[in-house]
Amino acid sequence: MIVNYLCPHCKAYLNIGENVIFSVKTKDNKLGLISLHPQIGNYTVIQNPLFHYKEGEQLNFFCPICHTELASKVTDKLVRVLMKDENNKEFEILFSQIAGQKSTYKIIGKTMEI
């Protein structure tokens, strides 16, 4: 299944190959890029080995293109991006900004898949 992830602000494509790229800031204001697997439920993270953060730490996610913070309007503990499936249908994806917390939500109209 081919899916694309987009910034909800500038609509830029965030994925390259098998990775969705984000700019991230730690609570200590350290900056880095991380990539997440595009498959919902696969929590593989790739990062520079010198970019450190603690398990359980809340990170701030930003679009690597427009640099807008991607925190959800519902709660600042979730990241909000858009996903387009192979049929070009668009969904909202929310996932946890807490390092190691494996929570992802797919918003389909007024319903949600967890």
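The model shown is predicted, which means the values in this text are computed figures rather than measured ones. In this chain, numbering begins with 1 at the start of the sequence shown.
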Hey, can you pull the donor-acceptor pairs under 3.5 Å for the side chains in residues 8-24, sequence neighbours left out?
unit_1	atom_1	unit_2	atom_2	d
Lys11	NZ	Pro8	O	3.3
Asn15	OD1	Tyr5	N	3.0
Asn15	ND2	Val3	O	3.2
Asn15	ND2	Asn4	OD1	3.4
Asn19	OD1	Ser35	OG	3.3

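At least one donor-acceptor pair closer than 3.5 Å links the side chain of Asp85 to the backbone N or O of Asn87. Between the Gln97 side chain and the Phe61 main chain, a donor and an acceptor come within less than 3.5 Å of each other.
Cluster membership check: Ile34 shares its hydrophobic cluster with Phe95, using side-chain heavy-atom separations under 4.5 Å among Ile, Leu, Val, Met, Phe, Trp and Tyr. Note on Val45 and Val81: same hydrophobic cluster, where clusters join Ile, Leu, Val, Met, Phe, Trp and Tyr whose side-chain heavy atoms are under 4.5 Å apart, directly or indirectly. Cluster membership for Tyr43 and Phe51, using ILVMFWY side-chain heavy atoms within less than 4.5 angstrom, is not shared. Phe91 and Leu82 fall into different hydrophobic clusters, where Ile, Leu, Val, Met, Phe, Trp and Tyr side chains are chained together by heavy-atom contacts under 4.5 Å.
Within the model, atoms CG of Leu31 and CG of Asn60 stand 10.0 Å from one another, a figure rounded to the nearest 0.5 Å. Within the model, atoms CG of Leu6 and CE of Met83 stand 10.5 Å from one another, a figure rounded to the nearest 0.5 Å.
Residues in residues 73-82 take part in these side-chain hydrogen bond (donor to acceptor under 3.5 Å, both in side chains) pairs, two or more places apart or across chains: Arg80-Glu92. Screening residues 44-56 for side-chain hydrogen bond (donor to acceptor under 3.5 Å, both in side chains), with sequence neighbours left out, gives Asn42-Thr44, Gln47-Tyr53.
Gln101 is linked by a side chain to side chain donor-acceptor pair (under 3.5 Å) to Ser96, counting only residues two or more places apart in sequence or in another chain. Partners of Asn88 according to the side chain to side chain contact (heavy atoms under 4.5 Å, CB included) rule, which considers only residues two or more places apart in sequence or in another chain, are Lys84.
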For side-chain contact (heavy atoms from CB on, under 4.5 Å), just list the numbers for Leu59 and Lys25, CA-CA rounded to whole Å, side-chain angles, deciding distance to a tenth of an Å, and then say yes or no.
CA-CA 6 Å; Leu59 306 171; Lys25 182 166 67 172; over 6 Å; no

Determine whether Glu57 and Ile98 satisfy the following criterion, side-chain contact (heavy atoms from CB on, under 4.5 Å), listing intermediate values before the conclusion.
CA-CA 5 Å; Glu57 178 179 349; Ile98 312 281; over 6 Å; no

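For the pair Ile107 and Ile93, the minimum side-chain heavy-atom distance is 4.5 Å or more.
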